[in-house]
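For reference, the structure discussed in these notes is given below.
Any value given below was found using the heavy atoms of this structure, including those in side chains, with hydrogens, waters and symmetry copies removed. What you see is a predicted model, and the numbers here were worked out from it, not measured in a lab. By convention in this document, chain letters (A, B, ...) are assigned in the order of the sequence lines, proteins followed by strands, and residues within each chain are numbered from 1.
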Amino acid sequence: MIHRLSTLFVRTLRDDPAEAEIPSHRLLLRAGYIRRAAPGGFTWLPLGLRVLHRVEHIVREEMNSIGAQEVHFPALLPREPYEASGRWTDYGPNLFRLQDRRGVDYLLGPTHEEMFTLLVKDLYGSYKDLPLWLYQIQTKYRDEARPRAGLLRGREFLMKDSYSFDLDDEGLQRSYDAHRGAYVKIFARLGLETVIVKAMSGAMGGSASEEFLAPSVSGEDSFVRCSGCDYRANTEAVRIGTPAPVDAASTPPALVVDTPNTPTIQTLVDLLNSRDDLRRPSSPWAAGDTLKNVLVMLRNPDGTRTPLAIGVPGDRDVDMKRLEALMSPLEVEPFGEGDFAARPNLVKGYIGPAALGADKPLGIRYLLDPRVVRGSAWVTGADTPGHHVVQLVCNRDFTADGVADVADVRDDDACPECGAHLRIERGIEMGHVFQLGRKYAEVLGLNVLDDKGKQRVVTMGSYGVGVSRAVAAIAEAHHDDIGLRWPRSVAPMDVHIVIAGKRGDETAPTAEQLATELAAAGLHVLLDDRDGVSPGVRFKDAELLGMPMIVIVGRGVATGVLEIRDRIAGTTTEVPIAQAARHIITCSA
RNA sequence: CGGGAUGUAGCACAGCUUGGCUAGUGCGCCUGGUUUGGGACCAGGAGGUCGCAGGUUCAAAUCCUGCCAUCCCGACCA
C-alpha cells in the first residue's frame, strides 16, 4: 500500500518539545507518532498507531501459538470483585475509582485478576477443563502519583495480561514455563534485548516471579548483571555472598573510647585517624571499618508500628527499596524525632549493638548485614554521647536477631555466584511472569471437581506485557541523534521513498512507478510526494521518521540509479532503477 | 506527598526585575513568486482568554493572594 506524505496526518517538529526528556518521548513527539492529550495520556497518530498495532499483533501471535485464548473485559469494572479480593482498599490511591449517577462505585481496571478468576468460575467446574490460558490486550488505568517519561509510565496504557488456571503446582509450572518461553520470543521479535531477572513477589503474593527488563538508561528499575557469569537479578532480589568467619583470637578486648563530636561516620573516621592513641598501624581507618546502626519503623497491617534496627558497614547505606521488599507486606517508615524521644536510651549518632536486640530492655529487633560475620571486629557506637567502642567482635561481644541483606548494592560488588564484579544497570520492565498460586481463586471461590469428585482450589499464574510501553522501549533501544530507527518487525512502513529532484523532471514519475511496484508486492510504502519541500527537509524527515529503508530518487535518475539507504546499518547502496524493486523486496523480506 | 523549576500562538522561546501605545522573535501554517542533494529565499497574511480565579491600580503578561497544570529529583509504583 502507498501512503503519501502529502496527505498523511503527521506534522514533524523541528525543535524538541521542552516537556520531553528521554529519547523515546522526544522523538515520538517530534516525529509525529504521538501527542500528549492528558497527564499520563497520549493520542496515537497514524504512524504511532501502526507501530502499536504491529506490537500487538506480534504479542497476539505468540500468545495464540502457545494455545492461549483471547477475551476482552471492560475497562470500567464494578467494585464488588475488588472488594472481595481486598484490592479495593489495598490498591490505595493508585486505583481510579468513580461512581455512576446513582452513586454506585466503579473502578477503572489496573489489572484484571479478579475478573478472569470470576469468569472462569462462572463457566468451568471440572479438572477436565484445565489447564486454561486466557489473555486480553486491554487499556489499563493507574492513578500514578507522577506520570513521567512519556509512554513509559502513563496513567492509561495498553497491556497484555494473561492468566493460567491449573489444578496443581506441576501444571502451574508448565503454564509458567510456556508463558516465559512465549515472552522470550515476543521480545526477540520486537527487537528488544531483555534480561530476565529474579524479582520479588511483592504485594501480589505468590512464589516464583521473574521480570523481563530491557536494559536502558531511561529505565526505572535497576538490576545487576555479573561480568563473569550469567547471574542477573533485580536489585531488590540480589543476595550477596556471606564472607567466611574471621578468627578473632588475636583481636584485643573491646574498648570504649572518648570520641567527642563524632555523630557521623565521616567525623568518626577523621577523628580516629587524627589521634595518636587510636591510629591503626596497618592502614588508616575507613568507613567500612565501622558498624552503622540504622533504625526504621515498620508499619503493620493493623496500623501499629514496630521499631527495627539494621547494622551495616559504615560505608554502606540501607537501601530502602531492598528493605521494603524484604519486609513486605509491612511498610517501612523513617524513624522520626518522636520515635527517638520515646526511647531516650537511644543516643542518636552513637547507637551501638549493646542497646539493640529483641532480648534487650528496648526490645528492638536487630538484624545484621551478611558482611558482619562471626569474628569480625568493628568500631561502633557506645550508646553514650561522644563515645564509641573499638574492637567490638561479632558473636564475642555482641549478637543480633538475624541477618538482613538490605545494604545498597554497588558497581563492582562481588557476584554471589562466581565472585566476579557485578554491574548495576537500569532497565525498563517489559514483562512480568508470576506464579500467583491460590490467593485469588481462594477468596473468589474458584474451585473445580477433581477426578475423585472432590472440590479443589485452582492455582493461577499471571503474566503481563507492556504493549504501549514496548513502543517507547523499542524507540529507546533503536534511535540515533537524528531520529528513530525502527526494526523491520514493527516499523510503521517498510520503505520511505524520497523524491529529491526538480519539478517536472523524471524523479517523480520514477518514484511513483517504484512505489506502485513495491505496493503490488505487499510492502507498505511511505512516499514523500510533498510539493515545494526542499530536499534537505525530506532527508531530515526521513531520518526522523525512521523507516528501516530509505530510497532516494534524485540526481541518480539521470544515470539510471537509485540510492538505497539502510537506516539501521547506516549504509548507502546505488542500485539500477530496473532492479530496485526486486532489491528492496528482497531486503525487506 | 516533599524539594526544585516552569506556564505567553502548533513547536522553541523573549518580554515580567522597574506596570504604560496595537504583546514580540524564530520555526511551522496560508497566498503569490523565485528555488530544489541536507531543515532555502522574497513579499504579503492568518493564528493569543499571556495557565485559572480574585485583588491592587487610571492602567496588569508584568505587582499581590489563592488555585490548577506541566517538567525534573525524591517518595510511591501487580
Side-chain angles (χ1 to χ4, degrees), chain A residues 10-22 25-26 29-32 35-41 82 85-87 90-95 109-114 116 140-150 152-155 157 159 161 163 199-206 209 211 220-221 236 320-321 324-325 328-329 331-334 429 431-436 439-440 460-466 482-483 498-505 507-508 528 530-544 550 552-558 563 565 572:
Chain A
V10 67
R11 188 113 300 158
T12 58
L13 305 178
R14 183 186 294 225
D15 299 308
D16 282 334
E19 66 184 34
E21 291 286 321
I22 65 168
H25 191 195
R26 211 182 64 223
L29 280 172
R30 260 194 72 199
R35 297 292 293 172
R36 196 192 82 91
Y82 287 77
S85 69
R87 287 209 293 186
D90 288 354
Y91 224 97
N94 271 16
L95 188 66
T111 171
H112 282 67
E113 278 80 3
E114 289 84 350
F116 275 87
K140 306 283 188 176
Y141 296 87
R142 291 183 198 173
D143 188 359
E144 294 286 349
R146 187 186 151 211
R148 69 187 94 173
L152 284 183
R153 179 171 292 280
R155 301 166 114 176
F157 54 96
M159 174 167 134
D161 52 328
Y163 304 86
M200 303 295 288
S201 320
M204 289 285 287
S209 167
E211 284 174 3
E220 296 185 275
D221 289 11
E236 288 155 28
M320 286 302 161
K321 285 191 171 186
E324 290 199 340
S328 174
E331 288 176 42
V332 180
E333 296 178 359
E429 183 182 348
H432 198 160
V433 289
F434 207 112
Q435 294 193 12
L436 269 185
K439 173 180 169 181
Y440 290 92
M460 294 169 56
S462 114
Y463 318 90
V465 171
I482 55 177
V498 170
I499 301 172
K502 297 179 173 53
R503 191 175 293 164
D505 67 10
T507 53
D528 189 350
R530 291 176 294 179
D531 202 30
V533 174
S534 73
V537 173
R538 294 171 196 263
F539 290 136
K540 293 289 186 201
D541 276 346
E543 284 148 356
L544 177 61
I550 299 170
I552 294 154
V553 185
R555 60 188 169 203
V557 171
E563 228 172 288
R565 294 187 186 176
T572 302

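Under 4.0 Å is where a charged nitrogen must lie from a carboxylate oxygen, and between Lys439(A) and Glu113(A) no such pair does.
Remark: the separation of the P atoms in rC52(B) and rA5(B) is 22 Å, to the nearest Å. For the P atoms, the distance from rU35(B) to rC16(B) is 44 Å, rounded to whole Å. On the C1' atoms, rC50(B) is 15 Å away from rU22(B), given to the nearest whole Å. Across the P atoms, rG26(B) and rG19(B) are found 28 Å apart, a figure rounded to whole Å. Using C1' as the reference atom, rG48(B) and rC58(B) are 26 Å apart when rounded to the nearest Å. Rounded to the nearest Å, the gap between the C1' atom of rC67(B) and that of rG7(B) is 14 Å. With both ends at atom C1', the span from rC63(B) to rU57(B) equals 10 Å, rounded to whole Å. For the C1' atom pair drawn from rC13(B) and rG54(B), the interatomic distance equals 29 Å after rounding to whole Å.
For the pair Glu144(A) and Gly154(A), the tightest heavy-atom approach, listed with the atom from each and the gap, is CG-O, 3.6 Å. Pro147(A) and Gly40(A) make their closest contact through CB-CA, 3.7 Å (heavy atoms, listed as atom of the first residue, atom of the second, distance). Between Lys140(A) and Asp161(A), the shortest heavy-atom contact is NZ-OD2, 2.7 Å. Closest approach of Gly554(A) and Thr507(A) over heavy atoms only: O-CG2, 3.6 Å. Residues Leu13(A) and Pro17(A) approach most closely at CD1-CG, 4.1 Å, considering heavy atoms.
Between the CZ atom of Arg30(A) and the P atom of rG39(B) there is a distance of 14 Å, given to the nearest Å. Rounded to an integer number of Å, the gap from CG of Leu29(A) to C1' of rG28(B) is 16 Å. As rounded to whole Å, 19 Å separates atom P of rC77(B) from atom CG of Leu152(A). Here rC71(B) presents its P atom at 10 Å from CZ of Arg148(A), a figure rounded to the nearest Å.
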Shorter than 3.5 Å, N or O on both sides, protein versus nucleotides 1-12 of chain B: list them out with atom names.
unit_1	atom_1	unit_2	atom_2	d
rA12(B)	OP1	Ala18(A)	N	2.5

Please list, pair by pair, any protein nitrogen or oxygen found under 3.5 Å from a nitrogen or oxygen in nucleotides 32-38 of chain B.
unit_1	atom_1	unit_2	atom_2	d
rU36(B)	O2'	Gly501(A)	O	3.3
rG37(B)	O2'	Arg555(A)	NH1	2.8
rG37(B)	N7	Ala500(A)	O	3.4
rG37(B)	N7	Arg555(A)	N	3.4
rG37(B)	O6	Arg555(A)	N	2.7
rG37(B)	N1	Glu563(A)	OE1	2.7
rG37(B)	N2	Glu563(A)	OE1	3.0
rG37(B)	N2	Glu563(A)	OE2	2.9
rG37(B)	N2	Arg565(A)	NH2	3.2
rG38(B)	O6	Arg565(A)	NH1	2.2
rG38(B)	O6	Arg565(A)	NH2	2.7
rG38(B)	N1	Glu543(A)	OE2	2.7
rG38(B)	N2	Glu543(A)	OE1	2.2
rG38(B)	N2	Glu543(A)	OE2	2.9

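Judged purely by atom type and a 3.5 angstrom limit, Tyr163(A) uses its side chain to pair as donor or acceptor with the backbone of His112(A). One N or O on the side chain of Arg538(A) and one on the backbone of Ile499(A) form a donor-acceptor pair closer than 3.5 Å.
Note on Glu21(A): only backbone sugar-phosphate atoms sit closer than 4.0 angstrom, heavy atoms only; bases stay farther off.
Nearest-nucleotide positions on RNA chain B for Glu144(A) and Arg530(A) put Arg530(A) closer to the 5' end.
Asp541(A) pairs by the salt bridge (charged side-chain N to carboxylate O under 4.0 Å, His left out) definition with Arg530(A), not counting sequence neighbours. Listed by chain and residue number, nothing satisfies the salt bridge (charged side-chain N to carboxylate O under 4.0 Å, His left out) test with Arg36(A) (two or more places apart in sequence, or in another chain). Taking the salt bridge (charged side-chain N to carboxylate O under 4.0 Å, His left out) definition, one finds that Glu19(A) meets it with nothing, sequence neighbours left out.
Donor-acceptor pairing under 3.5 Å is lacking for the side chains of Tyr141(A) and Asp143(A).
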Worksheet entry | RNA chain B base-pair string [pairs: Watson-Crick or G-U under 3.5 Å; |: paired with another strand] | (((((((..((((......[...)))).((((((.....)))))).....(((((..]....))))))))))))....
